[in-house]
Amino acid sequence: MSDPTQAPTPTQTPTQIPAPIRTPAAPAPETIARDATCAYVSACDPEAAVNASTWQETESAHSAVRAALLSHPWPDPSVPHALKRLADDPADAAAHRHVESAVVAELTREHALGALLPPLVAEVARTSVVRYHLGTSYERPAKDEPAVPDTPEDVRALLTDRIARPKDGPGAGDPIVTVVIPVRAHPSDTGRARNAVAAVASAVRQDLDRSAYRVVVVEQDVRPRMDRYLADLVDAYLFLPNPGAFNKSWALNAGAEAFPGTRHLCFHDADMVVESDHLSRVVACLDDGPPALLPYGDLLFLDRVSSGRVVHSRLDAGGPASVDADRLRGFALRDVWGGYVCVTRDLFETVGGYDERFRGWGDEDNEFYRQVLRHTAVPRWERPLAHLWHRRPVMVDAEGRRANQHIARTPRPADPGPLGDPGKYAHEMPHDTRTDTT
C-alpha cells in the first residue's frame, strides 16, 4: 500500500500542464454603446423607477454613465444636441439611435471613452434589475395608427365580438383553472380603469375551452366602481368594502374561494395583458410539472404609446394575433416574483394562501413566493409579460421604506383567522356607505 504522506515522484505521475487562464473577451463597442445609451435614457426618464426600492440601489450607477456621456468632448457637435433631446424626451428614438451610433464611433476612435465606459456599464449591470427596452422599429405613432385607448370606455369599444361564457361550452362542473384579478380604480385614475378592462378581457379571451376556466374579479373600495365595465365579462364579480389602503392578499384569498373545486389558480394583476394561448400553456405546465409557475420572464413596463399598441393588438377583433415587440418601448424588470403567479389549489391551501397582514403597496408577492419555495421549485417562462402604463403609486416613504417592510420577513401568525373574509374592513366603512357583502 502506498504511503499517502509521500509526494508522488515524476515517474509516478505525469507532469500536469496548467490550463491556460482565459481572459474574458472585452465587450464589443456596439454592446458598450447600446448599454451606455440605455443607461443614459434610464437616468433621464422617471419611468425607469418601476420599483422604487430597487431603483435606489442602481440610480447612482446610471447617473455615472449619464455624467460620462455629457462631459465627454464630442468632436461631432450634433451629439450634445442629441443627448439634450434625449434627456428632454427619453422616447425620442431618432436621438437615441444617433447617440448610440456616435458612441460606437468614438469607442473605435478615441481611447479615453473606451477606458471609461466599460466599468461604468458593468456597474449598471451589476446593480440593476431594470433594463431599458427600445424596439428596433419603435417610432412615434403614425397618422393612420389607431389612437391610444385612454379610458375604460375606449377599451370596451374594442370588444365588438361576443365574449364567450362557460355555458356556451359543452362541459359543466368544476373548472380546471380559475383566474383571480384584484381591482381598485378611482374615477380620477382612468389609466388604471382602462388597464383593468384590458387585463380582464385578455384573461377571458383564451384559446382554452371556455368550460375549462373561470375569471373572477375582486374589487375593493368604498363602493363598487368597476362593475359596470367588468361584471358582464367575467364569471364572478365580488365587491369587498374597504375604505383604507388596498389589501391585495385579502382580495386574492377571497377570489380563490369563488370556485372551490378548481384544480389550479392564477393570480393576475389588473395591469397585465396576456396572450391568447396563455391559460392553455399554464394548464399544461401545472398538470405535468411542479405545482407552481411564474408564466413569464421579464416584466415589461410599457410606455403609454406601447400600451395602446398592445391593447389594440390583443383586443381589437381586426388586429394582429400578437404585438411585435420591436414596436414597443419600456423598462424590463427581471427576477420579479409578482404580477402573475400560478399554483395548484392543493399547494395554495398547503401554504395557507396569501398573508393578509400586508396592506398597502408591496411585499405580499415576495412573501407568498418564499412560502411556495419551501415546498417546490418554481419554473418560469422566457417570454415577457406586458405591464400597461399607469401613474406609479407611492412605493416608499420619505425615508425610503416600503409600507410593509416591517413585516416582510416576519413569521406568519399561528392563527391568521378566516381568509378572504368579506367583512374584514366593514367596521372602517363610513356609516352611509356600508354595504351588505353577502
Side-chain angles (χ1 to χ4, degrees), residues 50-51 149-156 158-159 163 178-206 213-240 242 245-256 258 265-275 278-279 295-296 299-302 304 307-308 310-311 314-315 330 333 336-342 354 358-362 364-365 368 385-395 420:
V50 295
N51 183 298
D150 283 326
T151 68
E153 290 83 4
D154 292 341
V155 178
R156 285 297 307 229
L158 297 175
L159 306 178
I163 300 293
T178 294
V179 181
V180 182
I181 305 178
V183 171
R184 173 180 277 184
H186 192 272
S188 64
D189 194 347
T190 57
R192 282 191 180 276
R194 181 275 309 268
N195 292 350
V197 178
V200 168
S202 77
V204 173
R205 282 186 164 178
Q206 293 292 307
Y213 66 97
R214 304 290 186 272
V215 178
V216 180
V217 163
V218 185
E219 182 178 13
Q220 55 180 291
D221 209 325
V222 175
R223 62 182 63 84
R225 304 184 194 272
M226 294 298 295
D227 54 335
R228 60 188 173 129
Y229 301 116
L230 301 176
D232 66 324
L233 300 180
V234 298
D235 305 298
Y237 166 84
L238 309 179
F239 174 73
L240 305 181
N242 174 15
F246 189 70
N247 188 326
K248 179 180 169 182
S249 295
W250 174 50
L252 297 179
N253 287 337
L265 291 163
C266 294
F267 301 107
H268 179 162
D269 279 8
D271 45 20
M272 311 289 178
V273 170
V274 295
E275 301 284 351
H278 187 83
L279 281 185
Y296 61 93
L299 194 56
L300 184 55
F301 286 73
L302 300 170
R304 178 177 171 273
S307 294
V310 167
V311 171
R314 185 65 186 87
L315 304 182
L333 184 63
V336 63
W337 303 327
Y340 203 115
V341 180
C342 308
Y354 278 81
F358 292 82
R359 195 176 186 188
W361 187 89
E364 72 288 321
D365 286 325
F368 182 74
L385 180 62
H387 178 288
L388 301 178
W389 182 89
H390 60 75
R391 292 197 301 268
R392 303 301 298 152
V394 176
M395 292 177 273

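Numbers here simply count residues along the sequence, with the first being 1. Excluded from the calculations below are hydrogen atoms, water molecules and symmetry mates; all remaining heavy atoms, backbone and side chain alike, are included. Computed from a prediction, not measured in an experiment: that's the story for all the values here.
- For Leu299 against Val336, the heavy-atom pair with the smallest separation is CB-CG1, 3.8 Å.
- With sequence neighbours excluded, no residue forms a side chain to side chain donor-acceptor pair (under 3.5 Å) with Tyr296.
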Tell me, with the steps shown, if Val200 and Val234 meet side-chain contact (heavy atoms from CB on, under 4.5 Å).
CA-CA 8 Å; Val200 168; Val234 298; 3.4 Å; yes
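- In this view, Ala270 and Ile181, Val183, Ala196 satisfy the side chain to side chain contact (heavy atoms under 4.5 Å, CB included) rule, not counting sequence neighbours.
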Evaluate the criterion side-chain contact (heavy atoms from CB on, under 4.5 Å) for residue pair Ser202 and His268; output intermediate values, then yes/no.
CA-CA 11 Å; Ser202 77; His268 179 162; 4.1 Å; yes
Criterion side-chain contact (heavy atoms from CB on, under 4.5 Å) on Asp232 and Tyr237, from CA distance to verdict
CA-CA 9 Å; Asp232 66 324; Tyr237 166 84; over 6 Å; no
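- Partners of Gln206 by side chain to side chain contact (heavy atoms under 4.5 Å, CB included), not counting sequence neighbours, listed by chain and number: Tyr213, Val274, His278, Leu279, Arg314.
- Taking Trp337 as the reference, nothing meets the side chain to side chain donor-acceptor pair (under 3.5 Å) condition, with sequence neighbours excluded.
- Remark: Tyr340 OH to Met272 CE distance equals 11.0 Å, nearest 0.5 Å.
- When all heavy atoms of Met226 and Val197 are compared, the pair lying nearest together is CE-CG2, 4.2 Å.
- Contact detail for Ala386 and Leu302: the closest heavy-atom pair is CB-CD1, 4.0 Å.
- Not counting sequence neighbours, the partners of Asn242 by the side chain to side chain contact (heavy atoms under 4.5 Å, CB included) test are Arg184, Gln220, Trp250, Arg359, Tyr425, Glu428.
- The line from CG of Leu333 to CG of Leu385 is 11.0 Å long, rounded to the nearest 0.5 Å.
- Residues Val179 and Ala203 approach most closely at CG1-CB, 4.4 Å, considering heavy atoms.
- Distance check: Asp235 CG to Thr178 OG1 gives 8.0 Å after rounding to the nearest 0.5 Å.
- Remark: Ser307 engages no residue in a side chain to side chain donor-acceptor pair (under 3.5 Å) (not counting sequence neighbours).
- Taking each heavy atom of Phe246 and Pro182 in turn, the nearest pair found is CZ-CB, 3.9 Å.
- For Ala198, the side chain to side chain contact (heavy atoms under 4.5 Å, CB included) partners are Val155, Val273, Val311, Leu315, Leu388, not counting sequence neighbours.
- Proximity of Asp154 to Arg194: side-chain heavy atoms (C-beta onward) are nowhere separated by under 4.5 Å.
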Go through the steps to decide whether Asp271 and His387 satisfy the test side chain to side chain donor-acceptor pair (under 3.5 Å), and finish with yes or no.
CA-CA 6 Å; Asp271 45 20; His387 178 288; 3.1 Å; yes
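- In this view, Asp227 satisfies the salt bridge (Lys or Arg N to Asp or Glu O under 4.0 Å) rule with no residue, not counting sequence neighbours.
- Residues satisfying the side chain to side chain donor-acceptor pair (under 3.5 Å) criterion with Asn253, sequence neighbours excluded, are Glu356.
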Evaluate the criterion side-chain contact (heavy atoms from CB on, under 4.5 Å) for residue pair Val50 and Phe301; output intermediate values, then yes/no.
CA-CA 7 Å; Val50 295; Phe301 286 73; 3.6 Å; yes
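- Between Phe368 and Phe267, the ring planes are perpendicular. Angles over 60° get that label, and only those under 30° would be called parallel.
- Residues passing the salt bridge (Lys or Arg N to Asp or Glu O under 4.0 Å) test with Arg225, sequence neighbours excluded: Asp221.
- Under the salt bridge (Lys or Arg N to Asp or Glu O under 4.0 Å) criterion, Asp269 pairs with Lys248, not counting sequence neighbours.
- Here Asp189 contributes atom CG and His186 contributes atom NE2; the two are 9.0 Å apart, rounded to the nearest 0.5 Å.
- Nearest heavy atom pair, residue Gly308 against residue Pro149, reads CA-CD, 3.8 Å.
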